[in-house]
Structure formats: structure tokens, C-alpha cells
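Each remark here refers to the structure printed beneath this line.
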Amino acid sequence: MGTDFVQYVYAGCVELGRRLAEDSDFARQIEAVIEEQVSRTSMEAIALERNLAILTGREVAQAVVGAMRYLETPEETEELLQGFEPSVVRLLRYLVARYGPVLRAHRRRTHYPLGWHKFGSQVTLLENGLKHLHLKIHRNDDTVLELSDDTESLVRLMNLILGALGHVGDYESLDPETVHEFTLQYQKLIGNIASLEANGSRTEH
């Protein structure tokens, strides 16, 4: 996203810097329009950009809404906004922090209601001494899915999921970093099992 994003927002950020220098109230006006839009349940990024453009012009609106949509981490924000006027960076950092999560959450709920956005886990020790892993998955439509089972059963579930992914065959959409992280976790699991077998302490099912 790096270079493409900077090119996408460059003209708007330059113009935004000029307008902020000319009008000390410009930042407040921008936030007022955004605040009004995100308070509506039917809010969409395209509608927000269109309405904001009435005040700011198309390029500035594109830069502001683009930043709120695509910048999610402090590292991304720092890297992709460097080089712009400090007043622009301060404003966009504030808008991204305050309204970015709202904009993205609304988009997830509207367009991908059955997808997930949050995952949690907890180990539970049963009365018989066995351990169960309790999983909690938050769907985009705010439904919470819960699953509690032993390690062996969950590994079988993982294998079924991997098999299903293989049938999809959509490998080009996979983020290499995600695949690398998966490989590391897989190798760690295999290494721990191999260590138990080497020490003769693995429990057979």
C-alpha cells in the first residue's frame, strides 16, 4: 500500500496544508462534517467523501477519508504521512485515531457481516485434570461464536479448515506475512511434539 497510498493522497495533503495555513477554523469544520456523517447508521465512506468534498474539494476529501480508511497502525501512519506539513500530519493522525475504527467497523458490518474481526482464547483446566482451549470469535455483525474443546480435537478442526482452503485455491490473495506467521506457529507445534517424543513423555490417545 505504501507508494500507492502516498500517490493517492499526495495532492489532497498538499492542498490540505495550504488551507489549514489560511484558515485556522478549517480543521474544526472538517471534523464537524465527519462527526455528523459517522453518527448515521447508513454512513459509507463514499458518501462521507462526497459530502466532505462540498467543504474541502475532492482531493482533500479523498486524502482525509483515504487516511481514515487505510491507516490502521501507528507505524503505517508515521511512515506514510512523513514529509507532509506538520499541521496535516497532526490533523490526519487525530482523525484516523478517532474515526478510522468507526468507519472500518461500519464497512465490515455492512459488507462482510459473517466475517470476523476479533479473536480471543483461554485455557480451562477441567475437574478431571484435562485442559480445554476456549475460543471466542467476534463476527462483524456483533455475533460472538464460542468453542471449547481439547487440543487434539482443535488440531483436527484446523486440518479440516486447511483442507477447505485448499479446495478454494485462492492462494494469490494470501498475505505472505500471514503465511510466514502460520509457518512459524506450525513449526513450533511440530517441534514441541517432537521434543515430547524424544523424551518419551508424550501421552497417547
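Values reported hereafter were calculated over all heavy atoms of this structure, with side chains retained and with hydrogens, waters and symmetry mates removed. Numbering starts at 1 and runs along the sequence shown.
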Does any N or O in the side chain of [X] come within less than 3.5 Å of the main-chain N or O of [Y], such that one atom is a donor and the other an acceptor?
| X | Y | value |
| --- | --- | --- |
| Gln62 | Gly12 | no |
| Thr143 | Arg139 | no |
| Gln82 | Glu79 | yes |
| Ser153 | Asp149 | no |
| Thr77 | Thr73 | yes |

Which donor-acceptor pairs under 3.5 Å do the side chains of residues 119-135 make with protein atoms, sequence neighbours left out?
residue, atom, partner, partner atom, Å
Asn128, OD1, Leu130, N, 3.0
His134, NE2, Glu146, OE1, 2.7

Exercise. For Asp23, which residues count as a salt bridge (Lys or Arg N to Asp or Glu O under 4.0 Å) partner, sequence neighbours excluded?
Worked result: none
Problem set entry | Sequence neighbours excluded - salt bridge (charged side-chain N to carboxylate O under 4.0 Å, His left out) pairs with any residue from residues 161-188 | none
Exercise. What residues form a side-chain hydrogen bond (donor to acceptor under 3.5 Å, both in side chains) with Tyr99, not counting sequence neighbours?
Worked result: Glu31, Glu35
Exercise. Do the charged groups of Arg19 and Glu22 touch, with an N to O distance under 4.0 Å?
Worked result: no
Exercise. Does a salt bridge link Arg58 with Glu49, judged by any charged N lying under 4.0 Å from a carboxylate O?
Worked result: no
Exercise. Residues in side chain to side chain contact (heavy atoms under 4.5 Å, CB included) with Ser24, at least two apart?
Worked result: none
Problem set entry | Residues that, via side-chain heavy atoms closer than 4.5 angstrom, fall in one hydrophobic cluster with Leu114 | none
